[in-house]
Protein chains: 2
Amino acid sequence: MLAPIDLQPFEKALTFREAAYHAIKHAILAGQLEPGKPLVEERLAAMLKISRTPVREALAILEHEGLIAPIYRRGLFVCQLSRAQVIELFTANEAVEPFLARRAAFYASPEQLVAIEQTISDGEASVERLDVANFLRSGRMFHAGIGLAAANPTLAQLVQRNEERVDLFVISYGKRIDAEMMRASNREHQAIYQAICDRDPDAAARLAIYHAQSIRERFAALANDESDA
Amino acid sequence: MLAPIDLQPFEKALTFREAAYHAIKHAILAGQLEPGKPLVEERLAAMLKISRTPVREALAILEHEGLIAPIYRRGLFVCQLSRAQVIELFTANEAVEPFLARRAAFYASPEQLVAIEQTISDGEASVERLDVANFLRSGRMFHAGIGLAAANPTLAQLVQRNEERVDLFVISYGKRIDAEMMRASNREHQAIYQAICDRDPDAAARLAIYHAQSIRERFAALANDESDA
DNA sequence: GCGCTATTATTTGTATACAGTTTGTCCCGG
DNA sequence: CCGGGACAAACTGTATACAAATAATAGCGC
């Protein structure tokens, strides 16, 4: 398995660095680069058919985002988050997501509502196909949509990154997400979306809190199921 | 003015990249690299007596953090935040800071309390010397201390970055902070600190909100004073 | 056959080299 | 005197080269 993934070349990006950033990030979040496994710069560069220089710059950013972690002179590794770290991410989200949902109920434009609805559809389609990676991705896009509608890029970006790291955890522990869990999550998304459409900030915030807590409980159940006590 | 700043060499850092990151960030936040002015890679490299490679990697991270912004093939510039952007940062902080203050009241260790108190002393010393850069820095460290005590690195880091960008705005517009403003801010810090010492989460959260709002008002007043209507 | 040591092979971290753009300047024409 | 175009300089974006350090491996002694 010398070239198991093809980091698909260069979504729309001006510089090779950006392209590498997106491609590597995508590969990580799609589970193509397994957590705990080393990332060899030269190999990534070869896959993207570019030199190490822009790859290194992209990796520096991903490291700063907390998706990968370095060991000095030993290489970079896809992060394996501890349960404590994931709890911490959930705690942060429970503070921020209701805030964003509330604001989205105020500020969302019709186009933004459509975009959010599409992420929900995408999530539902993923359930049918049992496509976990795409399910996670649509979930991230849902929250990104809320963030965009909430007109607060700073907090939106935070939630976005948190979601990515949580998803990394899911992938890393290979926990199997069953269809029922995916459906539950989608239902909650749908409810938040409805509250925003109804311009009901209180309901949106309340449902966002509920969603965050539900997710945490579902994850806790999963984490307790397997391996480490 | 070929070498106006000496980016002081290499605080404790393993790699040149880290060193460059900290040095350049420090120079920006100390106002030595003026907002709106271009950052020439080769010049920074020369100042640090290293090559462009690690400098570029450091700059990539700073760009990702929103302290500097690139124009393709034209160079990097220290960010000049718009007023709307600063308002947005304040909005984010008003959501997050009370949350952190509340948690700090629960979890702060005695050592962490001492560390926080020292940042307040540092701030007060800055008033005497009318040292705005150090005043801003001590403010950032105060909030960093709260964040640390709150045991939520994710949100702590967010606040930290927001503070940095706000300070960048202050520097960028060259608004003069007068001694009375500095004292007011210090008083509010002191009050939050006291509430945390008293293990009074509600008071801490309330005072954190008050502080965030006060700062916003003080800044609004400054911003209205000068130049753009 | 097993453990320890020396050597080789990778791989990172850094420096240098090169090509393509963009900006500023100088010169010329009007 | 002013405007436009060619030239030159500077700087970015990318590739390649090199050195240090770590990991893997082979050889040796026992």
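Throughout, a chain's letter reflects where its sequence line sits, starting with A, and its residues are numbered from 1.
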Checklist line | Closest contact, heavy atoms only, A:Gly31 versus A:Ile171 | finding: CA-CG2, 3.9 Å
Checklist line | Residue from B:Glu18, B:Glu164, B:Glu63 passing salt bridge (Lys or Arg N to Asp or Glu O under 4.0 Å) with B:Lys25 | finding: B:Glu164
Next item on the list: Five pairs at each end of the helix from C:dG1-D:dC30 to C:dG30-D:dC1: take the axis at both ends and give me the angle between them to 10°.
Entry: 10°
Note to self: A:Glu41 vs A:Arg52, test: salt bridge (charged side-chain N to carboxylate O under 4.0 Å, His left out). Steps then yes/no.
What the structure shows: CA-CA 6 Å; A:Glu41 294 171 4; A:Arg52 276 178 59 211; 2.8 Å; yes
Check: Is it the case that more than 12 heavy atoms not belonging to A:Arg140 sit under 6.0 Å from its CZ atom?
Finding: yes
Note to self: My understanding is that only residues two or more places apart in sequence, or in another chain, count here; which of them pass side chain to side chain donor-acceptor pair (under 3.5 Å) with B:Thr154?
What the structure shows: A:Glu88
Note to self: Below 30° counts as parallel, above 60° as perpendicular, anything between as tilted: where do the rings of A:His211 and A:His189 land?
What the structure shows: perpendicular
Notebook entry, point to check: How does protein reach along nucleotides 10-19 of chain C, written 5' to 3' as B (base within reach of a heavy atom under 4.0 Å), S (only sugar-phosphate), or - (no contact)?
Noted result: --BBBBBB--
Next item on the list: For residues B:Gln118 and B:Met141, determine if any side-chain heavy atom of one lies less than 4.5 Å from a side-chain heavy atom of the other.
Entry: no
